[in-house]
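Residues: numbered from 1 along the sequence shown. Ligands are counted one by one from 1 in listed order, and the atoms in each one are counted from 1 as well.
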Amino acid sequence: MKDTQDTFVQKTNAQVADDKFYWEVLEGLTKKQKSLPSKYFYDAKGDRLFQQIMECPEYYLTRCELEIFTDRTADLAAAIGFNHEPFDIIELGAGDGTKTIYLLEYLANHHTDFRYLPVDISANILTELELLVHARLPKVNIQMLAGEYLDMISEARMLSDRRKVILFLGGNIGNLTPNEAGDFYREIGRQLQPGDSMVTGFDLMKNPHIVKAAYDDARGITKAFNLNLLHRINKELGADFDVNLFEHYCSYNPENGACKSYLVSTVQQKVNLQGTVVHFEEGETILMEISQKYSPESIIALAASGGFEVVASLKDKKGWFTDSVWRLAEQ
Ligand SMILES: C[S@@+](CC[C@H](N)C(=O)[O-])C[C@H]1O[C@@H](n2cnc3c(N)ncnc32)[C@H](O)[C@@H]1O
């Protein structure tokens, strides 16, 4: 996996991705507060576990956003300006498209000229999504973009100069810290043209018991989802994590909206990652994922940081989740 400096290796895209995976895992495990990038949760097993999480009674996010996509479809379509000129819908971290399919269906039924470009780091889930779209909406023009968010926006811009509508659903934005989210929208704002739209699903601050339970389900699926990343590192990077020696822990800070998932080492132990020995104290944690919750005011501030104007804020009936629709303002 590691190249010597004097060896030139012609790498395939898959090898480059493997190297990136290795270096990011190594970087995370050698920091003072150990961490692992949550984007690597999603191999085929991780995709399946996430689908099970979405079905958990505690995981309200999917149900809330599904309600918006089924009950407020016309408002959503109007807010993205669906009856104007042809456009491209780029969905970042599209997953299995559970909710998006309702918007696509609405647009297709209204004879809208659009193309759907789902982006996901998991090629596996994109294949599932393509099957769903072909089965339910055979006339929709779909082109999958396997890769990371910002790289794939650049790729999509090279495909056409049509107006862009970016979807970023399910609270994926919560996996960035608020500072990272500001940088993310600044970069997206730089890549888009005035008049382009951005739709983000934000999970709103609420009763801390409700938030915490969503990331700590009684059946232990979230635990399995987190531990699966250690299995993946063993399988793909040849590490020797004893997965039974880690347990799952989740915290929510209602003051700043940060919900964090950790794995906790239950004993003092060593893990070997391709020759690098990583030491764990008993009780030491690996930060696995942040799921940031937002206030309505902080969402408006985030929109402004990227140069966007808020066009609509659609909420579920309980007011737990919002899809915030923005338009890039003239600079
Ligand atoms: C929590 S799931 C949500 C899926 C979907 N947005 C929804 O609302 O159901 C996150 C999805 O984003 C993808 N993902 C995570 N980080 C990514 C990244 N940096 N670039 C591209 N896709 C990413 C994952 O593979 C996964 O399918």
Side-chain angles (χ1 to χ4, degrees), residues 13 17 20-21 24-25 28 35-56 59-70 76 89-104 116-130 132-133 144-156 165-177 180-181 183-185 187-188 191 198-203 214-215 217 221-222 225-226 228-229 232 259 261 288-293 314 316 320-324:
N13 285 346
K20 193 169 177 206
F21 181 28
E24 291 188 1
V25 166
S35 64
L36 287 171
S38 60
K39 65 186 173 190
Y40 293 120
F41 280 147
Y42 303 91
D43 61 355
K45 177 139 185 246
D47 289 336
R48 208 169 54 245
L49 285 165
F50 183 69
Q51 287 172 321
Q52 290 173 18
I53 288 175
M54 290 196 287
E55 307 259 295
C56 283
Y59 195 79
Y60 57 86
L61 289 85
T62 307
R63 285 188 302 279
C64 291
E65 197 173 35
L66 186 60
E67 182 189 313
I68 298 169
F69 270 70
T70 51
L76 194 53
I89 297 183
I90 305 169
E91 180 168 10
L92 307 178
D96 67 6
T98 313
K99 296 155 282 184
T100 316
I101 195 78
Y102 292 94
L103 176 64
L104 302 182
Y116 179 45
L117 305 165
V119 169
D120 207 290
I121 196 171
S122 164
N124 171 68
I125 203 74
L126 284 179
T127 309
E128 266 190 43
L129 175 57
E130 187 184 28
L132 173 77
V133 174
M144 273 107 42
L145 296 172
E148 294 209 33
Y149 303 139
L150 296 174
D151 297 342
M152 292 302 113
I153 294 182
S154 308
E155 192 95 4
V165 175
I166 311 254
L167 304 182
F168 196 33
L169 310 182
N172 284 27
I173 188 63
N175 298 146
L176 304 179
T177 64
E180 289 168 347
D183 292 344
F184 184 71
Y185 286 120
E187 183 50 35
I188 291 188
Q191 295 218 27
M198 173 89 225
V199 182
T200 309
F202 287 97
D203 193 16
Y215 298 89
D217 65 283
I221 297 173
T222 314
F225 181 61
N226 279 266
N228 181 54
L229 180 48
R232 181 176 183 189
C259 183
S261 287
M288 301 296 286
E289 185 174 54
I290 165 163
S291 303
Q292 181 68 37
K293 309 303 163 198
L314 305 173
D316 63 295
W320 285 1
F321 195 94
T322 185
D323 280 298
S324 193

> Report yes or no: does K99 have a heavy atom closer than 4.0 Å to ligand 1?
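For ligand 1, residue contact (heavy atoms, under 4.0 Å) with K99 is present.
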> Among protein heavy atoms, which lies nearest atom 3 (C) of ligand 1, and at what distance?
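Result for atom 3 (C) of ligand 1: N172 OD1, 3.2 Å.
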> Do me a favour and list the nearest non-hydrogen protein atom to atom 1 (C) of ligand 1 with residue, atom name and distance?
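Of every protein heavy atom, Y42 OH, 3.1 Å lies nearest to atom 1 (C) of ligand 1.
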> Can you tell me the protein heavy atom closest to atom 15 (C) of ligand 1 and the distance?
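Looking at atom 15 (C) of ligand 1, the protein heavy atom closest to it is Y149 OH, 3.4 Å.
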> Just to confirm my output: which protein heavy-atom neighbour is closest to atom 22 (N) of ligand 1, and how far is it?
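In this structure, atom 22 (N) of ligand 1 has I121 N, 3.1 Å as its nearest protein heavy atom.
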> Nearest non-hydrogen atom to atom 6 (N) of ligand 1 belongs to which of G93, G95, P37?
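Looking at heavy atoms only, G93 sits closest to atom 6 (N) of ligand 1.
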> So is S38 close enough to ligand 1, meaning a heavy atom under 4.0 angstrom away?
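Flag not set, S38 not near ligand 1.
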> Closer than 4.0 Å to some heavy atom of G170 - which atoms of ligand 1 meet that?
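Counting from 1, the qualifying ligand atoms are 8 (O).
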> Do the side-chain N and O atoms of E180 and Q292 include a donor-acceptor pair separated by under 3.5 angstrom?
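Result is no, nothing qualifies.
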> Please step through side-chain hydrogen bond (donor to acceptor under 3.5 Å, both in side chains) for the pair N124 and D43, ending with a clear verdict.
CA-CA 7 Å; N124 171 68; D43 61 355; over 6 Å; no
> Can you sort out which atoms of ligand 1 are near A94, meaning under 4.0 Å from one of its heavy atoms?
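So the atoms of ligand 1 that pass are 5 (C).
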> Give a yes or no answer on whether the side chain of R232 reaches the backbone of Y40 with a donor-acceptor pair at less than 3.5 Å.
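Side chain of R232 to backbone of Y40: a pair is present.
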> Have a look at ligand 1 and work out which part of F41, if any, has a heavy atom under 4.0 Å from it: side chain, backbone, both or neither.
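Within the 4.0 Å criterion, F41 makes no contact with ligand 1.
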> Please list, in number order, the atoms of ligand 1 under 4.0 Å from a heavy atom of E148.
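Going through ligand 1 atom by atom, the ones under 4.0 Å from E148 are 19 (N), 20 (N), 21 (C).
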> I need the nearest protein heavy-atom contact for atom 25 (O) of ligand 1: residue, atom name and distance, please.
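Here the nearest protein heavy atom works out to D120 OD1, 2.5 Å.
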> Check the orientation of F184 and Y149. Use parallel for under 30°, tilted for 30 to 60°, and perpendicular for over 60°.
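The rings of F184 and Y149 stand perpendicular, inter-plane angle above 60°.
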> If you measure from atom 21 (C) of ligand 1 to every heavy atom of G174, G147, G171, S122, which option wins on shortest distance?
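Nearest heavy atom to atom 21 (C) of ligand 1 lies in G147.
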> Have a look at F225 and tell me which of Y59, F41, Y215 forms a ring-ring contact (aromatic ring centres under 6.0 Å, His included) with it.
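For F225, the ring-ring contact (aromatic ring centres under 6.0 Å, His included) check succeeds only for F41.
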> May I ask you to check if R63 and F321 form a cation-pi contact, with NZ or CZ under 6.0 angstrom from the six-membered ring centre and within 45° of the axis?
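Checked: cation-pi criterion not met.
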> For the rings on Y185 and F168, is their centre-to-centre separation under 6.0 Å?
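No, the ring centres sit 6.0 Å or more apart.
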> So, T322 side chain and L314 main chain: donor-acceptor pair closer than 3.5 Å or not?
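Yes, the answer is positive, given that a donor and an acceptor are paired below the 3.5 Å cut-off.
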> Test P118 against every option in L129, D96, I125 by the side chain to side chain contact (heavy atoms under 4.5 Å, CB included) rule and name the one that passes.
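Looking at L129, D96, I125, the match for P118 under the side chain to side chain contact (heavy atoms under 4.5 Å, CB included) is L129.
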